[in-house]
2 protein chains.
Amino acid sequence: MKPTSLVSEHDKFLEDLSALPDVNACIDAICAYFKIEFATYHLAFHEGKAIDTPYVKTNYPSDWVRQYLVMNYIEIDPVAQSGFARALPCLWADLDWSDPKSGTFVEDAIKHGVGGAGYLIPVTDRRRRRAIVNFASPIDPEKWATKIEDIAVVLGECAEILHRKAILDLYGKEDERPALSPREIQCLSWVAQGKDAGAIAIILGISEHTVRDYCKSAKHKLGCATLFQAIHKATMLRIIDSDALD
Amino acid sequence: MKPTSLVSEHDKFLEDLSALPDVNACIDAICAYFKIEFATYHLAFHEGKAIDTPYVKTNYPSDWVRQYLVMNYIEIDPVAQSGFARALPCLWADLDWSDPKSGTFVEDAIKHGVGGAGYLIPVTDRRRRRAIVNFASPIDPEKWATKIEDIAVVLGECAEILHRKAILDLYGKEDERPALSPREIQCLSWVAQGKDAGAIAIILGISEHTVRDYCKSAKHKLGCATLFQAIHKATMLRIIDSDALD
DNA sequence: AACTGCCCCCCTCAAATTTGGGGGGTTGGA
DNA sequence: TCCAACCCCCCAAATTTGAGGGGGGCAGTT
């Protein structure tokens, strides 16, 4: 397998894709090009708002989108649940569907005509934003697997492009979200868990001074007057959370 | 007008409503009883999750629900925007529809067959959770206004019941969300804005000691080891935010 | 090859602030 | 009556803050 050659085979397409105006257009283009039924882009959060609104772009049929929302299926959908937790793409078939709740979810999906095979691509950018991109078709999982194998790398590129388009759509040209270093995020996260500098130093195996220094620089990067404000802001921006601890 | 007599007129209905198993059943029952086309319950946030998921229960048609989600209409829908900001119920007609964005939103709503008159009821509970309940019908706004006038109080009760059902659905019997006092929330919010105790004392017109005491008790109520952790937790639970400042 | 920026890591010191523990009190609602 | 919210105070110990000072390494640019 030569990923690079596979990509270059579709270079022209990716270029065209990047030129499209919005996420919806990209979704349609990808589906048409690869002859895939459904594609969805789903950004985990939409920071700083008082009202939770997922940023979702999809070409799934209305009935299913409505049902998914109203039934709060995101809570039990293994694709979404593990998609936002894992780092590497995978076939839906390779996920864990053993939970009985997944069963009712799948039944309902089939009832809505959207059962079948799928491919999940998690996206994480340098600013700790998380999204998932899903491709799905109502075809035989075996055939789907071989089809995907050939284009997995290109689909990965497509996912990146979708994400960039979404961020552009949401925040415009300049993306002001501060990029903290991994250590800064770790220290801030531990502080938010109620640990003091001494404890964090032991946990991370570094000096207490260094822990303080990371908190300081994180505070400055976030443009905050106090560390309290930095914790608040970083929490709202979802830069720190319990799984950033280690 | 005698609100109490109006309520008692529908006492039996409200009792039956409380006995229903879930939010969806309540929505259907309310619509049937009052001959209203559409009803929606929308909880602003769904705390502590890494993925933003609105808690929405509605009997709106699928096409419209999908469109609303995919177009991110929540951002421009005056009903949702002012609903989560205001405290008192009002007719949709009395909202501010002057923004040109509202125009395209309304057009699209009409295209989806859901234009018409509506009544918005904001819900805020003691634990600072916010929700909106909306009732809508494709009838003449004048007629709608007189119809609502008669049942406004009962609809308010219905909204309360819907909210209780939703909270029960989400968190089960015991609702562990800590209830901070208004002063505690204020102090915590100001701390999260980067103010120190001295500045907050001046802002709120109380002693510096008192500010500290509020932070202390808030920290204890939230079950946190440090104030940093309290700020983090309160931010995640959406107990503190910029409009809790005054 | 030099430079710049960032990440990573460590340290000092004095001043300011927070913490945890106590002690008061009033008021209004269940 | 009790409880919670609201308000005020003290103190010693611990901690954080702000301002400096170091160091090495890696990646991209000029």
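Because the structure is predicted, anything quoted here is derived from the model rather than measured. First the proteins, then the strands, lettered A, B, ... as listed; each starts at 1.
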Contact string for nucleotides 7-21 of chain D, one letter per nucleotide 5' to 3', B = base within protein heavy-atom range under 4.0 Å, S = sugar-phosphate only, - = neither, reads SBBS-----SBBB--
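- With no hydrogens or angles considered, no side-chain donor-acceptor pair links A:D52 and B:Y55 at under 3.5 Å.
- In terms of modelled atom types and a separation under 3.5 Å, the side chain of A:S189 and the main chain of A:I185 share a donor-acceptor contact.
- As rounded to whole Å, 16 Å separates atom C1' of C:dG20 from atom CD of B:Q229.
- Remark: A:K195 NZ is loosely packed, at most 12 non-hydrogen atoms of other residues, nucleotides or ligands lying under 6.0 Å away.
- Atom NZ of A:K165 has more than 12 heavy atoms from other residues, nucleotides or ligands within 6.0 Å.
- Where A:K221 and A:V211 each meet DNA chain C at their nearest nucleotide, the meeting point lying more 5' is that of A:K221.
- Remark: the backbone N or O of B:S181 is paired with a side-chain donor or acceptor of B:E184 at under 3.5 angstrom.
- With sequence neighbours excluded, the residues that form a ring-ring contact (aromatic ring centres under 6.0 Å, His included) with B:F34 are B:H10, B:F13.
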Under 3.5 Å, which protein N or O atoms sit close to an N or O of nucleotides 27-30 of chain C? Give each pair with its distance.
none

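- The nearest whole Å value for the distance from the CZ atom in A:R126 to the C1' atom in C:dG5 is 15 Å.
- Proximity of a side-chain donor or acceptor of A:R130 to a complementary backbone N or O of A:D125 within less than 3.5 Å is not detected.
- B:T58 and B:T40 form a side-chain donor-acceptor contact under 3.5 Å, judged by distance and modelled atom types alone.
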